[in-house]
There are 2 protein chains.
Amino acid sequence: MQITSRFTVALHIFTCVEVFKDDHKVTSDFLAGSINTNPVIIRKILTQLKNADLITIARGTGGITVNRPLSEITFYDVYRAIEPVENGDLFHFHESPNPECPVGRNIHMLLDGKLKAAQSAMEDELKKHTLEDLKNEALDLIASEK
Amino acid sequence: MQITSRFTVALHIFTCVEVFKDDHKVTSDFLAGSINTNPVIIRKILTQLKNADLITIARGTGGITVNRPLSEITFYDVYRAIEPVENGDLFHFHESPNPECPVGRNIHMLLDGKLKAAQSAMEDELKKHTLEDLKNEALDLIASEK
DNA sequence: ACCGTTGTAACTCTTGAAATTACAGCGCTT
DNA sequence: AAGCGCTGTAATTTCAAGAGTTACAACGGT
């Protein structure tokens, strides 16, 4: 199992918004073109980002505004906005171990902490990168192409 | 998206093998009872563990033997044996960003390293725990029940 | 009032996990 | 050598979710 591509799509969206906002109106159609997918997919992701209060979307006109300074939005914020994982658990535990078995009734207690730690390690790593980093690195890369 | 419950099932299996090996013959039926699932599910997971050279399975008689000292098998070893993630990538990247877009053709280079780092952080955390830890903690927990 | 855009519902396609049934193959045990 | 318990595995079903697509109502500048 893998984490949905919606996450990388969301990061792609933010990058496009920042790189192109002065030159184009960044619409879901425009984004769909860069990401090479369907505009509706983009709109659904934008809705999730809006619900997480990360962006504002203008109806009628179209156009996306980021609500907070880029330096205050981490990859983790985007991840949490996008991944609707139940309880936020990365690891899916088998549902109903047998309570009459000594191992079965204790297995959760044995593993939960360790799995949570592994998940947190990943999430903490995501917190290290902000959208500002992403924007700057994108601009550098594009500039160096010439 | 979540990591399959097969991973926690595999850890559950190892725990049972260690806790019960002197008292019962640990068969896929027995394990299925503790884990509360179907014996065939167990056998498939056992096959994966066998292919990864972690265990040996006796045909005819039934019974599972762990191939290495428990202290030398980490959660990560089990994870890798179980999770058939393509390329081993935790994050699924959107397939085909538009190469004609400056962002589209650079997005992989921008994100790959960061995503890999997040994945590695999680995996390194899994490497910190061995099956020996798991066994000892299980025995402690069970003993403290009485 | 028009037009470009967003918001959403409804549907399809595909994939994969999980569960289940069925049965062949293996190897002790007697 | 025959029986029995167990493993190995194929085939099938069920279910959930991601991804893509079509269609259309709602919004808001021009």
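Values below: every heavy atom of this structure, side chains too, minus hydrogens, waters and symmetry copies. Below, chains carry the letters A, B, ... as their sequence lines are ordered, and counting in each starts from 1.
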Quiz item: Does the distance from a Lys or Arg side-chain N to an Asp or Glu carboxylate O, for B:Lys135 and B:Glu132, drop under 4.0 Å?
Solution: no
Quiz item: Taking only residues two or more places apart in sequence, or in another chain, which ones meet A:Asp112 in a side chain to side chain contact (heavy atoms under 4.5 Å, CB included)?
Solution: A:Phe93, A:His108
Quiz item: For B:Ile82 and C:dG16, what is the distance between atoms CD1 and C1' respectively, to the nearest whole Å?
Solution: 15 Å
Exercise. Return yes if a side-chain donor-acceptor contact under 3.5 Å exists between A:His94 and B:Thr8, otherwise no.
Key: yes
Between the protein and nucleotides 18-23 of chain D, are there any N/O to N/O pairs under 3.5 Å, and if so, what are the atom names and distances?
| from | atom 1 | to | atom 2 | distance (Å) |
| --- | --- | --- | --- | --- |
| D:dA19 | OP1 | A:Ser5 | N | 3.3 |
| D:dA19 | OP1 | A:Ser5 | OG | 2.5 |
| D:dG20 | OP2 | A:Thr37 | OG1 | 2.8 |

Practice problem: In whole angstrom, give the distance that lies between atom CD of B:Gln48 and atom C1' of D:dG8. | Solution: 14 Å
Exercise. Figure out the CD/C1' separation between A:Gln2 and C:dT14, and round it to whole Å.
Key: 15 Å
Quiz item: For A:Ile64 and C:dT5, what is the distance between atoms CD1 and P respectively, to the nearest whole Å?
Solution: 12 Å
Quiz item: Should the heavy atoms of other residues, nucleotides or ligands under 6.0 Å from CD of A:Glu100 be counted, would the total exceed 12?
Solution: no
Quiz item: A:Arg59 side chain: which of D:dC6, C:dG7, D:dT9 is closest?
Solution: C:dG7
Quiz prompt | Presence of B:Lys50 side-chain N/O under 4.0 Å of D:dT7 phosphate oxygens OP1/OP2 | solution = no
Practice problem: Using whole Å, report how far CD1 of B:Ile42 lies from P of C:dA17. | Solution: 16 Å
Quiz item: In whole angstrom, what separates B:Asp29's CG from D:dC4's P?
Solution: 17 Å
Exercise. Sequence neighbours left out, what pairs pass salt bridge (charged side-chain N to carboxylate O under 4.0 Å, His left out) with at least one residue falling in residues 3-14 of chain B?
Key: none
Quiz item: Separation of A:Leu49 atom CG from C:dT6 atom P, in whole Å?
Solution: 14 Å
Quiz prompt | For atom CD1 of B:Ile55 and atom C1' of D:dC6, their distance in whole Å | solution = 14 Å
Self-check item: Parallel, tilted or perpendicular, as decided by the 30° and 60° cut-offs, for the rings of B:Phe75 and B:Phe7
Solution: perpendicular
